[in-house]
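For reference, the structure discussed in these notes is given below.
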There are 2 protein chains.
Amino acid sequence: MGEAAPSTRRRTARKGDLTERRLMREAEALLAARPLASIGVDEIATAAGISRSSFYFYFASREALLRALGEQAHHEVLTSAERWLNRTHEPPEEVITRALADNLALWRRRGPVLRALYDTRNSDPESAALWRAIARRYVDATAAQIDRERDAGLAHPAPPDARQLAAALTGMNLRAFYDASQRSPSPQGDRELVQTLATVWIRTVYRHGSVQPSRTPAS
Amino acid sequence: MGEAAPSTRRRTARKGDLTERRLMREAEALLAARPLASIGVDEIATAAGISRSSFYFYFASREALLRALGEQAHHEVLTSAERWLNRTHEPPEEVITRALADNLALWRRRGPVLRALYDTRNSDPESAALWRAIARRYVDATAAQIDRERDAGLAHPAPPDARQLAAALTGMNLRAFYDASQRSPSPQGDRELVQTLATVWIRTVYRHGSVQPSRTPAS
DNA sequence: GAGCTTTGTCAACACTATGTCGATTTATAT
DNA sequence: ATATAAATCGACATAGTGTTGACAAAGCTC
């Protein structure tokens, strides 16, 4: 059955590419419902319409597939963290709140993958490396931001090392977002969570940690 | 072979009790070196000097054994959290710093078990319940403390709900201690970590969050 | 479209690990 | 001493992983 052929670049119209995507899509769907450990290669393969052994033509293991999904999420994280790095003239409260909300949104979108990747870091070294790369991105961005605000005299000075502080704060976020992404999404609850985290960030990093917006009142 | 018998209660000189302990001891030792998932029942049984199938006479599964270890740690957590609840006249900085140091010490002592328990919460519902019980203890204690300090006018007032704030902060601790308990213990690094976390707690909870990390030199 | 290569598919196997059974041995109490 | 309870183990049955080799389907080249 031949119809109007896609003229020029029919490059990479590979059939296997389709199957590979289906595999990843189905895996992520399953992952949304239950932990990776409880999902068999069988299930993923069947869901994608191929036999279990065919699965191994595409991925070396369940973990390899997870890593492929993780790489996708990695890219989303990059852009998210990049944006966070962009200095701006807005008041800190808003920048931080927006960054946190963005981040929570990312976790809502890719939560299953991010959680699974995080959970596997102990049993699969490759996943661990990928996770570290992702986490590092955030810590770096945060530490840089803190240093910048310190230089500008807006943030509490050095004693707590910027990197360590950044690690603690992003660790808190990770934990909170991991959990939140498991609960059903509620705009109300999400806003509260972001607000709580923002409070911690602002009070910890900035001077006169008054969460009350702008114009510092006389002390 | 009778020697000076322990006179009265030679109650429960069961042989199996000994084996059970050995099982738990060896399991914890293995757990210190590598993740639970990579440890076979075989290894634990052999290390304790019994056959694999005999293992099941004592525990229904690897996870059941882990839970038994978790219960032990649970008790240590109780006393630790209880102490944290005891109100005192010392300045907040010291109370918090000491509580955090205590907690880190607990993680250093029982890290392998706590980490494994945390890691298994996704695959084993029973472990999840146990973990929640432990985590809850901390959140409750913290929330209560925050409320008390708020009533006393020492802490920032309500907007961030005490419980949610407590959850965020203890989440941060969990993450930090989990990681720290994997690194080789360094008094230097440990002190810095505690100091960093204490800074976050104090600045977040208390008013005028000026945290002098021990006599600030003139700048 | 005949022939060639690359790509994709799968059943059958080998391996590892778990948990269960029944038979048997070892300890303990009376 | 002997009955009972506690403890041990080998031999299954089951479930899941990853590999191999044989085979089919596309995709290209002439």
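Being a predicted model, the structure only gives us computed values, none of them experimental.
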What is the distance, rounded to the nearest whole Å, between atom CG of D42(A) and atom P of dT14(D)?
-> 17 Å
Of E63(B) and I50(A), the one whose nearest nucleotide on DNA chain C sits closer to the 5' end is I50(A)
Base, sugar-phosphate alone, or nothing: which one does R52(B) contact when heavy atoms must sit under 4.0 Å apart?
-> base
Gap between atoms CG and P, on D17(A) and dT6(C) respectively (whole Å) = 17 Å
Evaluate the side-chain proximity of T170(B) to W201(B): yes if any heavy-atom separation is below 4.5 Å, no if none is.
-> yes
Are side-chain N/O atoms of Q145(A) and E149(A) paired as donor and acceptor at under 3.5 Å?
-> no
Establish, with yes or no, whether the OP1 or OP2 oxygen of dT8(D) is under 4.0 angstrom from a side-chain nitrogen or oxygen of Y58(B).
-> yes
Could you give the CG-to-C1' distance, from L65(A) to dT17(D), as a whole number of Å?
-> 15 Å
Ignoring backbone atoms, establish whether S53(B) has a side-chain N or O less than 4.0 Å from OP1 or OP2 of dC9(D).
-> no
When the distance from CG of L18(B) to P of dA6(D) is rounded to whole Å, what number comes out?
-> 16 Å
Nearest-Å distance, CD1 (I44(A)) to C1' (dG18(D))?
-> 14 Å
Nearest to the side chain of F57(B) - dT18(C), dT17(D), dA7(D)?
-> dA7(D)
For the pair made of OH in Y56(A) and P in dC13(C), what is the distance, rounded to whole Å?
-> 18 Å
Using whole Å, report how far CZ of F59(A) lies from C1' of dT17(D).
-> 17 Å
Would you indicate whether R136(B), at its atom CZ, is surrounded by more than 12 heavy atoms from other residues, nucleotides or ligands within a distance under 6.0 Å?
-> no
Give a yes or no on this: more than 12 heavy atoms of other residues, nucleotides or ligands lie within 6.0 Å of atom CZ of R34(B).
-> yes
Separation of atom CG in L23(A) from atom C1' in dG8(C), rounded to whole Å = 13 Å
With respect to the side chain of R62(A), which nucleotide from dT17(D), dT9(C), dT18(C) is positioned closest?
-> dT17(D)
Any side-chain donor near an acceptor of the partner, Y178(B) and D119(B), under 3.5 Å = yes
